Amino acid sequence: MTFGKTKETKFQFFAGNPSHLADKDRQFTLTPADFELLNPNTRTCPVFRSNADAELTKKLYRSTPVLWREAEIDSDGNVIRPEVNPWNLQFQLMFMMNT
């Protein structure tokens, strides 16, 4: 693992055998924009088994709007980026057997 400032980073998961490290099909790169595309609310790192999985997922996410992006608020309570809900989702509890 290497830490530093870069425009894109190379990843590899599920490398349980040292020979997996040389397998280029298991490696993929992600940019900061990819993190925002794939996980817009948390910007956490997605896990893929192969480069093909990563590329397919990015292609699907680019072609479809985000399901629900939460508003970004700074430490002073100012809205940096408003909430986005293009599907007009609403959550509600329809039935709960224990109440």
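Keep in mind the model is a prediction, meaning the values are calculated, not measured. These values consider heavy atoms only, across backbone and side chains, with no hydrogens, waters or symmetry-generated copies.
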Donor-acceptor contact present, side-chain Asn41 to main-chain Trp68, <3.5 Å: yes
Donor-acceptor contact present, side-chain Asn51 to main-chain Arg26, <3.5 Å: no
Same cluster (ILVMFWY, side-chain, under 4.5 Å), Val66 and Leu56: no
Gap between atom CD of Glu55 and atom OG1 of Thr29 - 0.5 Å precision: 6.5 Å
Gap between atom CD of Gln92 and atom CZ of Phe95 - 0.5 Å precision: 14.5 Å
Distance (rounded to the nearest 0.5 Å) between Thr9 OG1 and Leu30 CG: 7.5 Å
Non-hydrogen atoms of Leu67 and Pro86 that approach each other most closely: O-CD, 4.0 Å
Residue pairs fulfilling salt bridge (charged side-chain N to carboxylate O under 4.0 Å, His left out) with at least one residue in residues 34-54, sequence neighbours excluded: Asp34-Lys58, Asp34-Arg62, Glu36-Arg43, Glu36-Arg81, Arg43-Glu72
Sidechain-backbone polar pair: Thr64 side chain, Tyr61 backbone, donor-acceptor under 3.5 Å: no
Within one Ile-Leu-Val-Met-Phe-Trp-Tyr cluster: Val47 and Leu21, side-chain cutoff 4.5 Å: no
OG1-CZ distance between Thr42 and Phe35, expressed to the nearest 0.5 angstrom: 10.0 Å
Heavy-atom closest pair, residues Ala71 and Glu83: CB-N, 3.6 Å
Shortest non-hydrogen contact between Ser50 and Phe28, atoms and distance: O-CD2, 4.3 Å
Taking every non-hydrogen atom, the tightest pair across Phe13 and Pro46: CE1-O, 3.6 Å
Trp87-Phe91 co-clustered via ILVMFWY side chain contacts under 4.5 Å: yes
Euclidean distance, Met96 CE relative to Leu93 CG, rounded to 0.5 Å: 5.0 Å
Derivation and outcome, side chain to side chain contact (heavy atoms under 4.5 Å, CB included), residues Ile80 and Ile73: CA-CA 5 Å; Ile80 299 170; Ile73 301 172; over 6 Å; no
Main-chain N/O of Gly77 paired with Asp74 side-chain donor or acceptor, under 3.5 Å: yes
Test item: Gln12 side-chain N/O and Asp25 main-chain N/O as donor-acceptor pair under 3.5 Å: no
